[in-house]
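All values derive from a computational prediction rather than experimental measurement. Numbering of residues begins at 1 and proceeds along the displayed sequence.
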Amino acid sequence: MSTPYPFTALVGQTDLRLALLLNAVSPAVGGVLVRGEKGTAKSTAVRALSTLLPQVDVVPGCRFSCAPTAPDPACPDGPHEAGPAAARPARMVELPVGASEDRLVGALDIERALAEGVKAFEPGLLADAHRGILYVDEVNLLHDHLIDLLLDAAAMGASYVEREGVSVRHAARFLLVGTMNPEEGELRPQLLDRFGLTVEVAASREPLQRVEVVRRRLAYEDDPAGFAGRWSGDEEEVRARVVAARALLPQVRLGDTSLLQIAATCAGFEVDGMRADIVMARTATALAAWAGRTEVRKEDVRQAALLALPHRRRRNPFDAPGLDEEKLDRILDGFPDDEPEPEPDPEPEPEGPGEGPEDGGPDGGGPDGRGGVPPQGSGPDAPEAEQEPEPQAPDGPEQRPEERPEPQPSAQENEQAAVRAAEPFRTKMLSVPGLGEGASGRRSRARTAHGRTTGAQLPRGQLTKLHLAATVHAAAPHQKARGRTGRGLVVRKDDLRQATREGREGNLVLFLVDASGSMAARQRMGAVKGAVLSLLLDAYQRRDKVGLITFRGSSAELALPPTSSVDAAAARLEKLPTGGRTPLAAGLLKAHEVLRIERLRDPSRRPLLVVVTDGRATSAGSVGGDPRELSARSARLLAAGGVASVVVDCESGPVRLGLAGVLAADLGGPAVTLDGLRADSLAGLVKAGITKSVRTPSPTLRRAA
C-alpha cells in the first residue's frame, strides 16, 4: 500500500482542511463538497484525511462493519453474538465515476444461486464505506442512477437492495466527500443539499507559497515514507486533537442565542428547507469542540454559515455560489455578544463630510460596512472629491445632451454592445424518437445498462446484466436430460440471458446563433437570448451537452465547445455582441465540423441543431462565391448527415422574404417565425424538431411550422 501524503503537509487551503476536520470530529455534519479548479490538491487532502480518523471496533468476520456494542439487528451477516471486538483503521472507499449499480449497492451472488440454489448477497461499496469515508472524485460526472442511490443511502443511513428475488437491508452511515471542477458541469440541487459543507478552492497566486507546494511535492515523490516520517509528529498531534474533540463534543452546549442566530441567518438568506439550520447547528458545535470549548460562540455560527450555506443559495444553475459576508455580519450583529461588555460612549456625529476618521478607520468605518465610502449617487452631502464633474465640451459653446453628436461606429463592422437576455421560462419535455444508446441522462428513451428491465436476449459478448427468470426458464426444460439430482439448477452457458433495460439518455443541443447586424434589434435579440437561456436550463435539468456557435462579419466562431457546463454557455450567451454582415454558410459549415468531431468522440449521442437567424446570407466568408447558393449547399450537407435541425425565423417587418423557411427546407427541418417565439413556442418547436424522423423529414410537420 502506498504511503499517503500527510494531511499536515498541505500548504494553504485553510477552509478545506477545516471542513474535513470538522467532519472527522462530528460525522453527523454531513460531508464535504470540494469545488475548484484542477490541480488544487482536492483529492490529496481527502485521501490524507483517512489517516487521521480513529480506529473503529467491528464484529470479527462481519462484512458490514457492525459495532460490537450495538450491532445492526438487520445485518445480513447477523445475528451477532457477544464476543471480543476487532479494531481496524477507518476505511476510505472510493467510488469510480464509471462504477455499476451492482458495485455500489451489492447484488445477488449469481454463481451460488445457480449452482447451489441459495440466495447469497454480495455487498457493495456502500457496505464497505459504513463507519468510514465514501469519496467520489468528479462527483458531478457521476451517472444519475448512482447519484439517486447515494441520495437515498445518505438520507436514511441504510442501503436497501430489492432485486432478482433478493431483499437486503444493511446500515450505511458514512462521511460523504465529493470533489468536482465546476467547468465540467454542475450538480443537481438535490445532491448539493445532501452535502453538509462546501468549500471553494483555488491555487495560490503567491509565488512563495507556490514554491513551497512544489518543494514539498517533489520531496514526497522522491521518498514518500521518509517525507511522511518527518511529518509524523504533526500528524499524531492532529489525530489526538480529533480524538479529544470527539470526546468533548457531547458536552458542548448550543444555547438559545446561538440557535436564534442560526435560524435568523438561514431565514435572512432565504435558504429552502430546514437541513441548513441543522447542519449549521452541528457545524457550530463541532467548531466549539475543535477549539476546546463547551460553549458555542458567535464566531462559530459565522464560520458555520460560511461553510454550510453557499451551495444552498443557488436558485438556478446560472447563480454563482457564495455568501454576502456583509449581510451575514449585519444579521449576527442584531444579537447580543456572547459575553456582554460595557457599551462605549456614543461618538458625536460629524458636522461635515471632512470630519471623522480618515478612510473609515481601521475597522471599516460606517454602519454600512463599506469602509466609510458612501454609495454611488448618495446625494449632495457626498464629499466634493467624490462627485463626478459635469462633462464639459473642450471647445465651443456648451451643448445640451440631445444636441451632442452620437459616437461613430467602431471599425469592427459596426459592432454593438451585448444585449441582456429576457427572463427564462420553463420549457416542455423534449425528446428524441425511438431508442438511442447515448450517455445516461433524463431526456430521451434509450437502451442503457440501468433502468427498468424490458426483456431478455442472448448476450452479445460478455454477460453484464443477468436476467434470472429468463435464464431459469431457458434451463428448466433440460434438467432431466442433464441428469439433475440435487437442489442446484444445472445451467450451461447457452442458457444465460442478458437483461435488456430501458432508461433515459442525454442529447447534444448545438445552438447556431446569427449575431450579424440584421439581428441587432435589442428587443429581438433579448427575446432570442431568453429562449436559448430557457433551453439551457432545461438541458441542465436533463443532463444534456450544449454547444454555441455564432456567426457575424466574415466568419463563424465556436463560442463554446460541446460541454455539460451550462454555466459557461449562459455566460458566453450573455456577452454575445452583434453587428456586421451575415456569413450564414460559414456558420453552417462550422456546425457541420463541430458535429462531425463530436460524433467521433461520442458516436452514441444524438444531436439537435437549433439555427437562430432571419435566413439572410450576405457574406460568403473566405470561401467566395454566391452567399445564398453556398448556404443552401451547406444546409443540404447537414441534412445528408442525418442531423435533426430547427430554424427559428427572426425576420420582422411588413415585407418578409421567407429566407428562413427556405433554409429550413434545405436542412430538412421545421421553421418558426419570430412572432411565435413566446413562452411555449420555442420549446414546442424544438420538441417538434427532435421528434421528427431524422432522416425522413415530415412534410406535415413542416407545413404546421
Verify side chain to side chain contact (heavy atoms under 4.5 Å, CB included) between Leu323 and Leu306, making sure each step is shown before the conclusion. CA-CA 7 Å; Leu323 207 65; Leu306 294 175; 4.1 Å; yes
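- Atom CD of Gln209 sits about 8.0 Å away from atom CD of Gln13, to the nearest 0.5 Å.
- When side chains are defined from C-beta on, His130 does not count as touching His170, because their heavy atoms never get closer than 4.5 Å.
- Annotation: side chain of Leu95 is not in contact with side chain of Tyr135 (no heavy-atom distance under 4.5 Å).
- Between Ala9 and Arg216, the closest heavy-atom pair is O-NH1, 2.7 Å.
- Listed here is the closest heavy atom pair of Leu125 and Glu94: CD1-O, 4.0 Å.
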When you look at Leu508 and Glu598, which way does the side chain to side chain contact (heavy atoms under 4.5 Å, CB included) test go after all the steps? CA-CA 9 Å; Leu508 168 61; Glu598 194 64 20; 3.6 Å; yes
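- Listed for the Arg239 side chain is a donor-acceptor partner under 3.5 Å among the backbone atoms of Thr51.
- Ring pair Phe227/Tyr5 is tilted by interplanar angle, where 30° to 60° counts as tilted.
- Heavy-atom neighbours of Glu237 CD from other residues, nucleotides or ligands within 6.0 Å: at or below the threshold of 12.
- The closest donor-acceptor contact from the side chain of Arg210 to the backbone of Ser204 lies under 3.5 Å.
- The two residues Asp324 and Phe269 come nearest to each other via the heavy atoms O-CZ, 3.6 Å.
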Using distance only, find each side-chain donor-acceptor pair of residues 15-26 under 3.5 Å and give its atom names and separation, not counting sequence neighbours.
residue: Arg17; atom: NE; partner: Gly12; partner atom: O; Å: 3.1
residue: Arg17; atom: NH2; partner: Gly12; partner atom: O; Å: 3.2
residue: Asn23; atom: OD1; partner: Gly31; partner atom: N; Å: 2.7
residue: Asn23; atom: ND2; partner: Ala19; partner atom: O; Å: 3.0

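- Between the side chain of Arg173 and the backbone N or O of Gly132, no donor-acceptor pair lies under 3.5 Å.
- Side chain of Arg293 to main chain of Glu295: a donor-acceptor pair is present (N/O by atom type, distance under 3.5 Å, no hydrogens or angles).
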Could you walk me through whether Arg312 and Asp272 pass side chain to side chain contact (heavy atoms under 4.5 Å, CB included), step by step? CA-CA 8 Å; Arg312 295 182 167 91; Asp272 295 335; over 6 Å; no
Show the atom names and distances, to 0.1 Å, of all donor-acceptor pairs under 3.5 Å that link a side chain in residues 273-282 to residues at least two apart or in another chain.
residue: Arg275; atom: NH1; partner: Asp193; partner atom: OD2; Å: 2.4
residue: Arg282; atom: NH1; partner: Ala28; partner atom: O; Å: 3.0

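- No donor-acceptor pair under 3.5 Å is formed between the side chain of Arg35 and the backbone N or O of Thr198.
- Residues Leu33 and Leu197 are not in side-chain contact: their nearest non-hydrogen atoms beyond the backbone lie 4.5 Å or more apart.
- Thr3 and Tyr220 share no donor-acceptor pair across their side chains, judged by distance under 3.5 Å alone.
- Using a 4.5 Å heavy-atom cutoff, the side chains of Ile549 and Glu593 are not in contact.
- Using modelled atom types, no side-chain atom of Ser258 and backbone atom of Leu254 make a donor-acceptor pair closer than 3.5 Å.
- Contact detail for Ala202 and Thr40: the closest heavy-atom pair is C-CG2, 3.8 Å.
- Here the shortest heavy-atom pairing between Leu309 and Cys266 reads CD2-SG, 4.2 Å.
- Taking every heavy atom of both residues into account, Ser50 and Met92 meet most closely at CB-CB, 3.8 Å.
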Does the pair Arg605 and Glu505 meet the rule for a salt bridge (charged side-chain N to carboxylate O under 4.0 Å, His left out), with working shown? CA-CA 8 Å; Arg605 188 181 291 269; Glu505 69 172 0; over 6 Å; no
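- Using a 4.5 Å heavy-atom threshold, the side chains of Leu126 and Leu104 count as touching.
- Two residues are said to be in side-chain contact when any heavy atoms from C-beta on lie closer than 4.5 Å; Leu49 and Ile133 meet this criterion.
- Here the side chain of Asp329 pairs no donor or acceptor atom with the backbone of Glu326 at under 3.5 angstrom.
- Taking 4.5 Å as the limit, every side-chain heavy atom of Leu510 sits out of range of all side-chain heavy atoms of Pro607.
- A heavy-atom distance below 4.5 Å is not found between the side chains of Pro250 and Val252.
- With hydrogens and angles disregarded, a donor-acceptor distance shorter than 3.5 Å links the side chain of Arg205 to the backbone of Ala203.
- Distance check: Ile331 CD1 to Gln261 CD gives 11.0 Å after rounding to the nearest 0.5 Å.
- Listed for the Asp72 side chain is a donor-acceptor partner under 3.5 Å among the backbone atoms of Ala171.
- Residue pairs meeting the side-chain hydrogen bond (donor to acceptor under 3.5 Å, both in side chains) criterion with at least one member in residues 226-235, sequence neighbours excluded, are Thr8-Glu235.
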Under the criterion side chain to side chain contact (heavy atoms under 4.5 Å, CB included), I'd like the reasoning laid out for Arg217 against Thr44: C-alpha separation, chi angles, the key distance, then a yes or no. CA-CA 11 Å; Arg217 187 67 196 186; Thr44 300; 4.2 Å; yes
